[in-house]
K.L.:
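Dumping the structure here so I can ask a few things about it.
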Amino acid sequence: MNKKTGLIVPHDYKLLSIAAILEVFETANKLTKEHEKPFEIMVFQSARQITQEQLFGYKVHAIENSDIALDLILIPAFTTDNMSEMIAKNKDFIPWLKKQHQNGAELASFCTGAFLFAASGLLNEKLATTHVDACSAFTKAFPLVKLKPEETLTADGSLYTSGGSTSTFHLLILLVQKYCGNEIAVQIAKIFSIDLNRYKQSYFSTFRPNHLHNDTLVAMLQQKIESQYHSIEKLEEITKDIPTSARNMTRRFKQVTGIPPIEYLQNIRVESSKKYLEQTQLSISEIIEKTGYNDPKAFRKVFYKMVGMKPIEYREKFRVQ
C-alpha cells in the first residue's frame with residue numbers, strides 16, 4: 001500500500017530543498033514495480049498562496065480545503081534568515097500540521113524547515129536538529145526543543161529533522177529505508193553518492209530505544225534487557241525483582257516504548273547482530289550465539305522480518321572494509 005506523502009510548498013521555500021525531496025521520492029517510485037509505488041506524492045499550499053493548479057508537475061491542494069489524511073508530511077528548507085517573519089507568513093500551516101499529526105501522520109523537516117516545524121509545538125520536549133549556522137537562533141526561539149546541533153538527523157517517534165547541506169539526503173534515505181526497505185535505500189544512496197559507510201549505523205538502524213521518559217520501572221527493565229540480552233532465556237528471569245505484576249509491567253512498558261518487552265528484546269538482539277555483521281569477521285553461528293539465540297532458524301526469521309534481508313546479504317552490503 002502506497003503512503004500518502006504531502007510536500008508543503010510554503011512562502012520563502014528553498015528550491016534546492018524541494019528538488020532534492022522530489023528527486024529522491026520519485027526515484028524510489030521508479031525503482032519499484034509500477035503498481036507498487038511506495039509514495040503517492042501530493043503538493044500542499046495555503047489557499048491564499050495558490051496561483052496555479054500545478055507545481056513541479058503535481059496538483060496543488062489547499063490545506064484549508066483538503067480532508068486528505070496523510071501518512072507523511074515533508075517540510076522543506078527556507079531561503080530567508082528572518083525566521084520569525086517566515087513563520088508569520090506561513091502561520092496557516094501550523095494548525096494543519098497539528099491536525100495531520102493528531103490523525104497519525106509522520107512529519108519530517110529538512111535543514112531550516114525545523115523552524116516552521118517547531119513553531120507548531122510538535123517538537124517541544126523532542127529531539128531535533130537544523131542547519132548548524134541556525135542553531136543559536138533556533139535555541140533562542142524554541143527553548144523547549146531538545147536541539148542536537150551535532151546530529152546529522154534526529155528521529156523521535158514519528159517526528160524527524162535533518163541538519164543542513166547533504167544531511168537532507170541522509171534523512172530522505174532513512175525515510176525510504178523505513179517505507180521501502182534496505183535494498184531500495186541502498187540503491188538510492190548509490191545513485192546520489194551518499195556515503196553509507198560513514199552513516200549507515202545511524203540511518204539504517206530501524207530501532208531507537210526511547211529513554212526519554214520518567215517511568216523508573218520501565219527504565220529498570222530496559223536497562224536489564226540492554227545489558228543482559230545475550231544471556232536471557234526467559235523474560236521472567238529479569239522481571240521477578242521488579243516490584244509490579246508481569247501484566248502491569250507489560251502494559252506500562254508498551255505504553256512508554258510502543259512495543260512489549262519481548263519485542264524490545266528481539267530488537268536489541270537484532271541491532272547487536274547487525275553491528276557484528278558490519279564490524280567483525282565472526283561467523284553467523286558465532287553471532288547467533290553472542291546475541292542470545294539458541295535456534296538459528298528462529299534468528300534468521302526474526303532478522304529477515306526486522307531488517308528486510310538475510311544476515312549474509314546484510315553483511316555483504318554494510319560490512320566496513
Side-chain angles (χ1 to χ4, degrees), residues 5-18 20-21 43-46 48-49 63-64 69-172 174-175 178 202-203 208 210-214 258:
T5 303
L7 171 63
I8 70 167
V9 182
H11 291 285
D12 298 327
Y13 69 85
K14 191 171 186 177
L15 182 58
L16 186 60
S17 181
I18 295 273
I21 292 168
V43 167
F44 290 84
Q45 289 189 304
S46 63
R48 55 183 176 172
Q49 267 186 285
I63 54 174
E64 297 87 348
L70 297 170
D71 298 301
L72 177 63
I73 296 174
L74 309 168
I75 306 171
F78 293 96
T79 55
T80 179
D81 291 328
N82 190 334
M83 291 301 168
S84 58
E85 183 180 280
M86 177 278 294
I87 290 169
K89 286 183 184 178
N90 290 300
K91 62 183 180 180
D92 293 345
F93 284 100
I94 291 175
W96 181 77
L97 290 172
K98 289 181 179 179
K99 182 180 179 182
Q100 286 287 343
H101 184 251
Q102 288 171 356
N103 291 337
E106 296 195 309
L107 276 69
S109 68
F110 302 88
C111 192
T112 51
F115 281 80
L116 182 58
F117 197 173
S120 70
L122 294 171
L123 287 177
N124 288 351
E125 304 301 328
K126 302 292 186 181
L127 300 175
T129 193
T130 185
H131 193 288
V132 64
D133 293 337
C135 285
S136 178
F138 187 94
T139 300
K140 289 177 183 177
F142 308 107
L144 295 180
V145 179
K146 298 179 185 296
L147 187 68
K148 299 292 182 181
E150 74 284 357
E151 296 293 337
T152 303
L153 63 83
T154 63
D156 196 333
S158 59
L159 309 177
Y160 304 85
T161 64
S162 83
S165 188
T166 57
S167 299
T168 286
F169 284 98
H170 299 134
L171 178 50
L172 288 168
L174 170 66
L175 294 171
K178 176 172 183 177
S202 296
Y203 306 149
R208 297 175 179 81
N210 173 26
H211 295 286
L212 301 175
H213 60 82
N214 299 314

K.L.:
Applying the side-chain contact (heavy atoms from CB on, under 4.5 Å) criterion to Pro76, which one of Ser109, Cys111, Ser17 satisfies it?
P.N.:
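Only match with Pro76 under side-chain contact (heavy atoms from CB on, under 4.5 Å): Ser17.
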
K.L.:
Can you tell me how far apart NE2 (His131) and CZ (Phe78) are? Round to the nearest 0.5 Å.
P.N.:
14.5 Å

K.L.:
What distance do Asp12 atom CG and Met83 atom CE have between them, rounded to the nearest 0.5 Å?
P.N.:
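Answer rounded to 0.5 Å: 8.5 Å.
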
K.L.:
Step through the shown structure and confirm whether more than 12 heavy atoms of other residues, nucleotides or ligands are within 6.0 Å of NZ on Lys148.
P.N.:
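Atom NZ in Lys148 is not packed in, count stays at 12 or less.
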
K.L.:
How are the rings of Phe142 and Phe138 set relative to one another: parallel (under 30°), tilted (30 to 60°) or perpendicular (over 60°)?
P.N.:
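Answer is tilted, since the angle falls between 30° and 60°.
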
K.L.:
Tell me if the NZ atom of Lys14 is crowded by more than 12 foreign heavy atoms within 6.0 Å.
P.N.:
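Check fails, neighbour count at 12 or below.
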
K.L.:
Does any pair with a residue in residues 75-86 pass side-chain hydrogen bond (donor to acceptor under 3.5 Å, both in side chains), and if so which ones, sequence neighbours excluded?
P.N.:
Asn82-Ser84

K.L.:
Please lay out, stage by stage, how Thr130 and Cys135 fare under the test side chain to side chain contact (heavy atoms under 4.5 Å, CB included).
P.N.:
CA-CA 6 Å; Thr130 185; Cys135 285; 4.0 Å; yes

K.L.:
Does any N or O in the side chain of Thr161 come within less than 3.5 Å of the main-chain N or O of Thr129, such that one atom is a donor and the other an acceptor?
P.N.:
yes

K.L.:
Which distance, rounded to the nearest 0.5 Å, do you find between the OH of Tyr160 and the CG of Leu171?
P.N.:
8.5 Å

K.L.:
Could you report the tightest heavy-atom contact between Ala20 and Phe169, atom names first, then the distance?
P.N.:
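Of all heavy-atom pairs spanning Ala20 and Phe169, the closest is CB-CZ, 3.9 Å.
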
K.L.:
To the nearest 0.5 Å, what is the distance between CG (Leu116) and CG (Leu107)?
P.N.:
10.0 Å

K.L.:
Verify side chain to side chain donor-acceptor pair (under 3.5 Å) between His170 and Ser162, making sure each step is shown before the conclusion.
P.N.:
CA-CA 8 Å; His170 299 134; Ser162 83; over 6 Å; no

K.L.:
Which heavy atom of His101 sits nearest to which heavy atom of Ser158, and what is that distance?
P.N.:
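Looks like NE2-OG, 3.2 Å.
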
K.L.:
Set out, in order, the CA-CA distance, both residues' side-chain angles and the distance that settles side chain to side chain contact (heavy atoms under 4.5 Å, CB included) for Lys126 and Thr154, then state yes or no.
P.N.:
CA-CA 9 Å; Lys126 302 292 186 181; Thr154 63; over 6 Å; no

K.L.:
Rounded at 0.5 Å granularity, tell me how far CD in Gln100 sits from CG in Asp71.
P.N.:
9.5 Å

K.L.:
Out of curiosity, Met86 CE to Thr112 OG1, how far, rounded to the nearest 0.5 Å?
P.N.:
6.5 Å

K.L.:
Determine yes or no for a side-chain-to-main-chain donor-acceptor pair under 3.5 angstrom, with Thr168 supplying the side chain and Phe110 the backbone.
P.N.:
no

K.L.:
Give the minimum heavy-atom separation between Lys89 and His11, together with the two atoms involved.
P.N.:
O-CD2, 3.4 Å

K.L.:
Please examine the side chains of Val145 and Asn124, heavy atoms only from C-beta on, and report whether any two atoms are closer than 4.5 Å.
P.N.:
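Yes - at least one pair of side-chain heavy atoms lies under 4.5 Å apart.
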
K.L.:
Picking from Ile73, Leu7, Ile63, what satisfies side-chain contact (heavy atoms from CB on, under 4.5 Å) with Phe44?
P.N.:
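Going through the options one by one, the only one that passes is Ile63.
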
K.L.:
Ser46 and side-chain contact (heavy atoms from CB on, under 4.5 Å): which partner among Asn90, Ile8, Asp92?
P.N.:
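One option only clears the test, and that one is Asp92.
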
K.L.:
Would you find a donor on one side and an acceptor on the other, under 3.5 Å apart, between the side chain of Gln49 and the backbone of Val9?
P.N.:
yes

K.L.:
Minimum heavy-atom separation for Gly6 and Leu70, please, with both atom names.
P.N.:
CA-CD1, 3.9 Å

K.L.:
Hey, does the side chain of Thr152 reach the backbone of Ser167 with a donor-acceptor pair shorter than 3.5 angstrom?
P.N.:
no

K.L.:
Does CG in Asn214 sit with more than 12 non-hydrogen atoms of other residues, nucleotides or ligands closer than 6.0 Å?
P.N.:
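No, not enclosed.
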
